[in-house]
Enquirer: 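Starting off with a structure, shown below.
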Amino acid sequence: MSNEDRIAVVTGGSRGIGRAIALRLAREGFSVYFTYVGNEAAAAETLAGIEAAGGKGRAFRLDVSDLDAVAEFFKNEIKDAGALEALVNNAGITKDGLILRMKDEDWNRVLDVDLRGAFACLREAAKIMTRRRCGRIINISSVVGQMGNAGQINYVSAKAGLIGMTKAAAKELASRSVTVNAIAPGFIETEMTDALTDDLRAAYLEHIPLKRFGSAEEVASAVAFLVSEEAGYITGQVLAVNGGLYC
Ligand code: NAP
């Protein structure tokens, strides 16, 4: 048995779903290295939560769309820190707008963070994991990447792209026993969905068979399963956590 720390990297672990994932993976015995982009106080809260539960964690300010910074992070902070067993590409943003009014900068920023940033982390993690001949990569996509959504063409394209990336990477990395899966959450109670108007929230609820939004902890449970030994024969899949919204 190795005494190395079992490391899980979680991007965007300061708030919402990423925080729930960081706390859950710490409970599962991982040393959780999570990133955030600007919200220092929220990152400190996640770290305090991990430590209060007796877990190990570290917080890093890292914009995942900065490819050089991502490469530096994996090289300087992760490669020799222990055994990188899991990467959860969770960091994501929205900049909604209708097609005819979508600004180039909003298209680019969402694609840069949600898709290119995830690829940058996947590529760096894959370098380490393929050498170790094991590892689990989870990409947090979205139900809208499966079913589309008006007013979110940039975000939907990025989230659908993550599903394609998951399937391509699963095929390419399987020979090194690295599995790659996506989770597609439906509507989850976080600051991202706090921004919905009451009317929109009611309209969405009408279409969700379980008649409620999900919790960040319910997404974290799916991550915990996919990184567990029990999920060793699952790769290239999309696990929907959406209350039946899209099946
Ligand atoms: P959230 O509450 O808005 O949190 C976003 C997280 O991402 C924060 O930790 C934020 O850091 C980080 N982040 C933002 N831009 C970043 C960047 N450029 N580089 C690194 N980190 C960055 O979001 P959430 O609702 O928890 O969503 C988490 C993931 O689930 C996203 O990928 C989202 O698309 C996906 N998702 C969410 C829902 C939902 O209903 N909430 C549904 C389906 C999918 P700071 O705290 O520093 O800003």
Side-chain angles (χ1 to χ4, degrees), residues 9-24 32-47 49 57 59-70 72-74 87-96 106 108-122 124 138-149 152 154-163 165-166 182-196 200-201 204-205 208 212-220 222-223 238-243 245-246:
V9 171
V10 179
T11 66
S14 47
R15 291 184 283 124
I17 293 172
R19 173 183 285 174
I21 294 169
L23 293 171
R24 176 63 192 262
V32 178
Y33 285 49
F34 69 90
T35 72
Y36 64 101
V37 70
N39 201 329
E40 200 96 38
E45 239 178 83
T46 301
L47 198 53
F60 298 87
R61 184 191 281 261
L62 172 73
D63 181 343
V64 294
S65 71
D66 180 340
L67 305 193
D68 291 339
V70 168
E72 288 290 299
F73 168 70
F74 277 89
L87 163 69
V88 185
N89 271 320
N90 165 80
I93 58 166
T94 53
K95 285 189 183 293
D96 297 349
D106 290 348
N108 289 340
R109 186 64 191 151
V110 169
L111 270 288
D112 278 355
V113 174
D114 295 13
L115 187 58
R116 202 169 70 138
F119 170 65
C121 293
L122 179 144
E124 296 308 316
I138 316 289
N139 296 316
I140 305 297
S141 176
S142 169
V143 66
V144 301
Q146 297 174 298
M147 61 189 270
N149 200 22
Q152 289 198 305
N154 48 359
Y155 181 71
V156 169
S157 300
K159 292 297 178 180
L162 275 179
I163 291 175
M165 192 172 92
T166 298
I183 291 176
F187 292 93
I188 306 297
E189 299 285 4
T190 68
E191 285 173 32
M192 197 178 262
T193 45
D194 280 352
L196 295 174
L200 212 46
R201 178 175 275 264
Y204 285 138
L205 275 176
I208 301 172
R212 65 176 177 85
F213 281 15
S215 71
E217 288 71 24
E218 285 169 320
V219 179
V223 173
V238 183
L239 178 52
V241 182
N242 64 22
L245 177 61
Y246 181 80

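Every number for a ligand or one of its atoms is a count from 1 in the order of the listing.
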Enquirer: Hey, could you give me the SG/CG distance between C121 and L67, rounded to the nearest 0.5 Å?
Expert: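 Output value for this atom pair is 9.5 Å.
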Enquirer: Does any N or O of ligand 1 fall below 3.5 Å from an N or O anywhere on D63, backbone included?
Expert: yes
Enquirer: Check this for me - ligand 1, M192, N or O atoms closer than 3.5 angstrom, yes or no?
Expert: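 By distance alone, the answer is no.
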Enquirer: With a 4.0 Å cut-off on N to O distance, would you call D63 and R109 a salt bridge?
Expert: yes
Enquirer: May I ask you to decide whether E40 forms a salt bridge with R61, counting only side-chain N to carboxylate O separations under 4.0 Å?
Expert: yes
Enquirer: May I ask you to check whether V143 has an N/O atom sitting below 3.5 Å from an N/O atom of ligand 1?
Expert: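 No, no N or O pair falls under 3.5 Å.
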Enquirer: Checking the N or O distance criterion of under 3.5 Å, is ligand 1 in contact with T193?
Expert: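 Such a contact does not occur with ligand 1.
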Enquirer: Parallel, tilted or perpendicular: which one describes the rings of F73 and F60, with boundaries at 30° and 60°?
Expert: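 Geometry flag for F60 against F73: perpendicular rings.
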Enquirer: Would you say ligand 1 has an N or O under 3.5 Å from any N or O of V64?
Expert: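 Yes, V64 has an N/O under 3.5 Å of an N/O on ligand 1.
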Enquirer: Using distance alone, decide if ligand 1 has a nitrogen or oxygen within less than 3.5 Å of any nitrogen or oxygen in I93.
Expert: no
Enquirer: Among all protein heavy atoms in this structure, tell me which lies nearest to atom 5 (C) of ligand 1, with the distance rounded to 0.1 Å.
Expert: G92 O, 3.9 Å
Enquirer: If we only count N/O pairs under 3.5 Å, is V113 in contact with ligand 1?
Expert: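 By distance alone, the answer is no.
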Enquirer: Suppose I only count heavy atoms of G12 and a 4.0 Å limit; which atoms of ligand 1 are within that range?
Expert: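 Reading through ligand 1 atom by atom, the close ones are 6 (C), 7 (O), 9 (O), 12 (C).
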